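Here the structure is a predicted model, which means the values were calculated and not measured.
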Amino acid sequence: SQGFCTLECFANLEESKSALRGVFAKDFGVDCSSDLTIRKKIALLLCVWERARTQLNYQERNRQDAKLVSQHRAGQHSWR
């Protein structure tokens with residue numbers, strides 16, 4: 001597993017697909033051009049990586065939205 005045991009860790013491994021391909025080649029010794037089976041596996045990893053990044057972005061947006069709602073409620077006054 002190379003220590004990538006969380007979604008966040010894997011998603012933040014690199015900032016772009018091309019950079020991530022470089023990590024696979026250099027750090028893991030996976031040559032995408034070697035055969036079709038490897039290319040398919042790398043394509044799947046890239047899809048998982050992209051989904052992981054999307055999921056983390058949604059989680060961050062949800063945290064920010066919740067914070068805004070909380071601040072809005074805290075700012076409301078009861079005039080009873």
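If you take CZ on Phe28 and CG on Leu45, they are separated by 9.0 Å, rounding to the nearest 0.5 Å. Distance check: Leu7 CG to Gln59 CD gives 7.0 Å after rounding to the nearest 0.5 Å. Atom CZ of Arg61 and atom CD of Gln64 lie 9.0 Å apart (nearest 0.5 Å). One distance of note links CD1 of Ile42 with OG1 of Thr37; it measures 12.0 Å at 0.5 Å rounding. Here the CG-NZ distance, from Leu36 to Lys41, works out to 11.5 Å after rounding to the nearest 0.5 Å. Between the CZ atom in Arg21 and the OG atom in Ser33 there is a gap of 12.0 Å [rounded to 0.5 Å].
Summarising the local packing, CD of Glu15 is surrounded by 12 or fewer heavy atoms from other residues, nucleotides or ligands at distances under 6.0 Å. Other residues, nucleotides and ligands place no more than 12 heavy atoms under 6.0 Å from the CD atom of Glu8.
Nearest heavy-atom pair, Glu14 versus Ala19, reported as atom, atom and distance to 0.1 Å: OE1-CB, 3.3 Å.
A donor-acceptor pair is defined here as one N or O able to donate and one able to accept, closer than 3.5 Å; such a pair exists between the side chain of Thr54 and the backbone of Glu50.
At a threshold of 4.5 Å between non-hydrogen side-chain atoms, the residues Arg53 and Asn12 count as touching. Side chains of Asp31 and Phe24 form no contact here, defined as non-hydrogen atoms less than 4.5 Å apart.
Connection of Val48 to Leu56 is not established within any shared hydrophobic cluster, with ILVMFWY side chains joined at heavy-atom distances below 4.5 Å, either directly or through further cluster members.
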